[in-house]
Visitor: 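Quick one: this structure, given as structure tokens, is what I'll be asking you about.
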Amino acid sequence: MRAYIADIARYEGQQVTIRGWLHNRRSSGKIHFLIVRDGTGFIQAVMSKAAVGDEAFTRADHLSQETSLSVAGTVRADARARGGYEIDVSGIEVHGESHDYPVTPKEHGVDYLLDRRHLWIRSERQTAILRVRHEVIDAVRDFFNSRGFILCDTPIFTPAACEGTTTLFPVQYFEDTTAFLTQSGQLYNEANAMALGRVYCFGPTFRAEKSKTRRHLTEFWMVEPEMAYADLNDVIELAEGLVASVVARVLERRRAELQILERDTATLETIRVPFPRITYDQAAELLKDKGQPFQYGTDLGGGDETVLSEHFDRPVCITHYPAAVKAFYMKTDPQQPDKALCVDVLAPEGYGEIIGGGQREDDLERLQRRIQEHQLPQEAFEWYLDLRRYGTVPHGGFGMGIERCVSWICKLEHVRETIPYPRMLYRLYP
RNA sequence: UCCUCAGUAGCUCAAUGGCAGAGCAUCCGGCUGUUAACCGGAGGGUUGCUGGUUCGAGUCCAGCCUGAGGAGCCA
């Protein structure tokens, strides 16, 4: 009977066949220990000479790492085994040999591994991360779907910049114009929200920033909800609910993966809404108290975010940034016109920004003025301005970076391990 | 674009300006409970590239290439 390793407990005492790959092998004269993986997990298959005979035993002498094979045998509970079960082998069928597999059980450098990312993802650690990624994405979808949000995806090819063209990838294909790869679904999302009320888009995003840091990718995935008839407080509550829900879901369903990653889950268990909220001004005070060199009026830098996110034991919401450092579509605060009705959510443990969003400018004239101030071509935004011409309402939303979120939940050193094939400055292969 | 660091066997790394080394991987042999198994043996090198200093350069100097970390910018 075909069985998956993840379900192996169900088959105790039964004869099963596992179809997978050889992860590692240890041998002595009359016994082979074969670590087999099938994508759902790892299990040790024990092959003794007495049980399978000399010929079959000798044929297994040279099975090498990542040989694809089917292993038939009896499932046996064993306290010595990781996972609690082993398979006593009765027979092996090899499907494809594998010689000199490049990713050995020993250490490798990052560059070496990234050049072999298509093989690296077979490793226990990488499969654990990719399962957490799957769970995060699944939890995000469930969160919005269960709250009545409609998935309404936005285009990848866009005619103009969301916030200027300097960090966009140009595409030469369309007649008489240069297209760009999207850096946010934001503007289209606003149109969708005026049609469907509460919407979200979820897709790849492209940033042509010359960023070389552990929190940047040139191609990453972002989920962006947008709500009609919503103010900044509604946006913050939605963001808090999403983050808490995603963390709870991963703790509920992917504890084994977090354990493989040696992730201390204590700091994740405590995450409950509401999150602490501070204004930009309070953040500036806090940075000053902590001796962080910080120029009031500028955006928070990576180091500033690290200091702030280490100060709180859960994600922290930072609101009311200076309008000057935020995008043109951010609504300014009527109480203090130099500040924007925006929110960034910083993940704890030094991970920094995972969410950015806020309330959008819903007044036609103020929005036109902002477009001029940012020296953007108004004709490219006429359709966007229509949203203010035909039944404008207060509305808002945010974007959450999936890779940064996964990186924090798994407590990784670098976001490049959170996506199957990372795209970075100087990294396009494989 | 700028700053810092790195590049030596298939991989991870050593080597005071003086014979190019180890562990793992591979191959051969041994071992019936191993957990990155272990023990013995063998093969494996244009020290990133170009030039310079020197009796002698993996090592010092200059330039270049490739990568990593960070800055700016951002999710």
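Reminder, nothing fancy here: chain letters follow the sequence lines and each chain counts from 1.
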Visitor: Regarding A:His23, tell me which of base, sugar-phosphate or nothing describes its non-hydrogen contacts under 4.0 Å with the strands shown.
Guide: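 No contact at all - A:His23 keeps every heavy atom at 4.0 Å or more from the nucleic acid.
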
Visitor: Sticking with atom C1', work out how far B:U47 lies from B:G21, rounded to a whole angstrom.
Guide: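 Roughly 12 Å separates the two C1' atoms.
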
Visitor: Going through the checks in order, is the ring pair (Phe, Tyr, Trp, His ring centres under 6.0 Å) test met by A:Tyr11 and A:Tyr4?
Guide: CA-CA 10 Å; A:Tyr11 300 95; A:Tyr4 288 101; 9.5 Å; no

Visitor: Are OP1 or OP2 of B:U34 and a side-chain N or O of A:Asn24 less than 4.0 angstrom apart?
Guide: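 Answer is no, no contact under 4.0 Å.
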
Visitor: Checking the side chain of A:Glu224 only, and the main-chain atoms of A:Gly185 only, is there a donor and an acceptor separated by less than 3.5 Å?
Guide: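 Indeed, once roles are kept as given, a pair shorter than 3.5 Å links the two residues.
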
Visitor: Taking the same atom, P, in B:C5 and in B:G43, what whole-Å distance lies between them?
Guide: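 That atom pair is separated by 40 Å.
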
Visitor: Quick one: A:Lys30 NZ to B:G30 C1', roughly how many Å, whole number?
Guide: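 From A:Lys30 NZ to B:G30 C1': 12 Å.
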
Visitor: Do the side chains of A:Arg214 and A:Glu413 get close enough for a salt bridge, i.e. N-O under 4.0 angstrom?
Guide: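 A salt bridge is present here (some side-chain N lies under 4.0 Å from a carboxylate O).
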
Visitor: Identify whether any heavy atom of A:Gly352 sits under 4.0 Å from a base atom; if not, whether one sits that close to sugar-phosphate; answer base, sugar-phosphate or nothing.
Guide: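 Answer is nothing: A:Gly352 stays at 4.0 Å or more from every strand.
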
Visitor: Looking only at atom C1', what distance separates B:G44 and B:A9, rounded to whole Å?
Guide: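 One C1' to the other, the span is 6 Å.
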
Visitor: Considering only heavy atoms and no angle criterion, is a donor-acceptor pair shorter than 3.5 Å present between the side chain of A:Glu86 and the base of B:G33?
Guide: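 Between B:G33 and A:Glu86, which were checked side chain against base, a qualifying N/O pair under 3.5 Å is present.
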
Visitor: So which of A:Val136, A:Thr265, A:Leu268, A:Thr267 actually passes side chain to side chain contact (heavy atoms under 4.5 Å, CB included) with A:Val247?
Guide: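 Of the listed residues A:Val136, A:Thr265, A:Leu268, A:Thr267, the side chain to side chain contact (heavy atoms under 4.5 Å, CB included) partner of A:Val247 is A:Leu268.
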
Visitor: Would you mind pulling out the nucleotide paired to B:U53, Watson-Crick or G-U wobble, both distances under 3.5 Å?
Guide: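 Here B:U53 is not engaged in any pair, so there is no nucleotide opposite it.
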
Visitor: To the nearest Å, give me how far apart CD1 (A:Ile31) and P (B:C38) are.
Guide: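 About 17 Å, once rounded to whole Å.
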
Visitor: Using a 4.0 Å heavy-atom cut-off across all strands, classify A:Arg76 as base, sugar-phosphate, or nothing.
Guide: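 Base contact - A:Arg76 has a heavy atom under 4.0 Å of at least one base atom.
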
Visitor: Go through the N and O atoms of the side chain of A:His216 and the base of B:C74, and report whether any donor-acceptor pair is under 3.5 Å.
Guide: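 Answer is yes: a donor-acceptor pair is held.
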
Visitor: Figure out the CZ/C1' separation between A:Arg25 and B:C27, and round it to whole Å.
Guide: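 Result: 12 Å.
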
Visitor: Check this for me, if you would: do A:Asp7 and A:Arg10 make a salt bridge, where the nitrogen-to-carboxylate-oxygen distance has to be below 4.0 angstrom?
Guide: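 Between A:Arg10 and A:Asp7 there is a salt bridge, with a charged N closer than 4.0 Å to a carboxylate O.
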
Visitor: How would you label the contact of A:Arg82 with the nucleic acid (heavy atoms, under 4.0 Å): base, sugar-phosphate, or nothing?
Guide: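 The residue A:Arg82 makes no contact with any strand.
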
Visitor: Compare the minimum distances between each of B:G72, B:C74, B:U34 and the side chain of A:Gln44, then state the nucleotide with the smallest one.
Guide: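 The closest nucleotide is B:U34.
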
Visitor: Return the value, rounded to whole Å, for the distance between atom CZ of A:Arg80 and atom P of B:A37.
Guide: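 Atom-to-atom, A:Arg80 to B:A37, this comes out as 17 Å.
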
Visitor: Ring-on-base stacking between A:Phe33 and B:A37, under 5.5 Å between centres and under 30° between planes: is it there?
Guide: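 One would not call A:Phe33 stacked on the B:A37 base.
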
Visitor: In whole angstrom, what separates A:Asp61's CG from B:C31's P?
Guide: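 Answer to the nearest Å: 11 Å.
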
Visitor: Mind checking A:Leu217 for me? I need base, sugar-phosphate or nothing, with any heavy atom below 4.0 Å counting as a touch.
Guide: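 Base, at least one base atom sits under 4.0 Å.
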
Visitor: Is it true that A:Glu373 and A:Arg366 make a salt bridge, defined as a side-chain N closer than 4.0 Å to a carboxylate O?
Guide: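 No, this pair does not count.
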
Visitor: Between the base of B:C74 and the side chain of A:Arg404, is there any donor-acceptor pair under 3.5 Å?
Guide: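 Present.
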
Visitor: For RNA chain B, whose closest nucleotide is more 5', that of A:Ser27 or that of A:His99?
Guide: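 Upstream on the strand: A:His99.
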
Visitor: Rounding to the closest angstrom, what is the interatomic distance between B:G17 and B:C61 at atom P?
Guide: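 Straight-line distance between the two P atoms is 11 Å.
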
Visitor: Please determine if a side-chain N or O atom of A:Arg26 lies less than 4.0 Å away from the OP1 or OP2 oxygen of B:U34.
Guide: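 False: A:Arg26 side-chain N/O out of range (4.0 Å or more) of B:U34 OP1/OP2.
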
Visitor: Does any nucleotide pair with B:G29 by Watson-Crick or G-U wobble geometry, both distances under 3.5 Å, and what is it?
Guide: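 Answer to the pairing question: B:C39, which forms a Watson-Crick or G-U pair with B:G29.
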
Visitor: Under 4.0 Å between any heavy atoms, over every strand shown, what does A:Met222 touch: base, sugar-phosphate, or nothing? Just pick one.
Guide: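 Sugar-phosphate contact only.
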
Visitor: When the distance from CD1 of A:Ile43 to P of B:U34 is rounded to whole Å, what number comes out?
Guide: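 Roughly 18 Å, once rounded to whole Å.
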
Visitor: In whole Å, measure the gap between the P atoms of B:U4 and B:G63 for me.
Guide: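 The same atom, P, in both gives a distance of 12 Å.
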
Visitor: Where the side chain of A:Asp100 is concerned, which of B:U35, B:C74, B:U26 is the nearest nucleotide?
Guide: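 The nucleotide sitting nearest to the side chain is B:U26.
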
Visitor: Which is true for A:Glu403 with a 4.0 Å heavy-atom rule: it touches a base, it touches only sugar-phosphate, or it touches nothing?
Guide: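 The answer is nothing, as A:Glu403 stays clear of every strand by at least 4.0 Å.
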
Visitor: In whole Å, measure the gap between the P atoms of B:C24 and B:C38 for me.
Guide: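 7 Å, rounded to whole Å.
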
Visitor: Nearest whole Å is fine: how far is B:G72 C1' from A:Asp299 CG?
Guide: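 In whole Å, B:G72 C1' and A:Asp299 CG are 11 Å from each other.
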
Visitor: Measure up the A:Phe328 and A:Phe381 rings against each other and bin them: parallel (under 30°), tilted (30 to 60°), perpendicular (over 60°).
Guide: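 Perpendicular, since the angle between the ring planes exceeds 60°.
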
Visitor: Can you measure A:Asp111 atom CG to B:U12 atom C1' for me and round it to whole angstrom units?
Guide: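 In whole Å, B:U12 C1' and A:Asp111 CG are 14 Å from each other.
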
Visitor: When both hydrogen-bonding distances must be under 3.5 Å and the geometry is Watson-Crick or G-U wobble, what is B:G17 paired with, if anything?
Guide: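 Checking every strand shown, B:G17 finds no partner, since no pair has both distances under 3.5 Å.
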
Visitor: Can you tell me how far C1' in B:G40 sits from the matching atom in B:G23, rounded to whole Å?
Guide: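 To the nearest whole Å, 16 Å.
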
Visitor: So does A:Gly350 get a backbone contact from the side chain of A:Ser309, meaning a donor-acceptor N/O pair under 3.5 Å?
Guide: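 Pair found, side chain donor or acceptor close to backbone of A:Gly350.
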
Visitor: Nearest to the A:Leu114 side chain among B:G69, B:A68, B:C11, which nucleotide is it?
Guide: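 Between B:G69, B:A68, B:C11, the one nearest the side chain of A:Leu114 would be B:A68.
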
Visitor: B:A14 and B:G70: how far apart are their C1' atoms, nearest whole angstrom?
Guide: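 Roughly 28 Å separates the two C1' atoms.
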
Visitor: Should B:U34 form a Watson-Crick or G-U wobble pair with both distances under 3.5 Å, which nucleotide is its partner?
Guide: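 The answer is none; no pair meets the criterion.
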
Visitor: Is the phosphate of B:G69, meaning OP1 or OP2, less than 4.0 Å from a side-chain N or O of A:Arg416?
Guide: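 Answer is yes, contact under 4.0 Å.
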
Visitor: So which nucleotide does B:G10 pair with, by the Watson-Crick or G-U wobble rule with both distances under 3.5 Å?
Guide: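 Partner of B:G10: B:C24.
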
Visitor: Run the ring-centre check on A:Trp383 versus A:Tyr188 and record whether the distance is less than 6.0 Å.
Guide: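 Aromatic pair counts; centres sit under 6.0 Å.
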
Visitor: By nearest nucleotide on RNA chain B, pick out whichever of A:His62 and A:Gly29 is the more 5' one.
Guide: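 This one resolves to A:His62.
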
Visitor: Identify whether any heavy atom of A:Glu353 sits under 4.0 Å from a base atom; if not, whether one sits that close to sugar-phosphate; answer base, sugar-phosphate or nothing.
Guide: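 Sugar-phosphate only.
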
Visitor: May I ask which nucleotide in the shown strands pairs with B:A68, Watson-Crick or G-U wobble, both distances under 3.5 Å?
Guide: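 B:A68 is paired with B:U4.
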
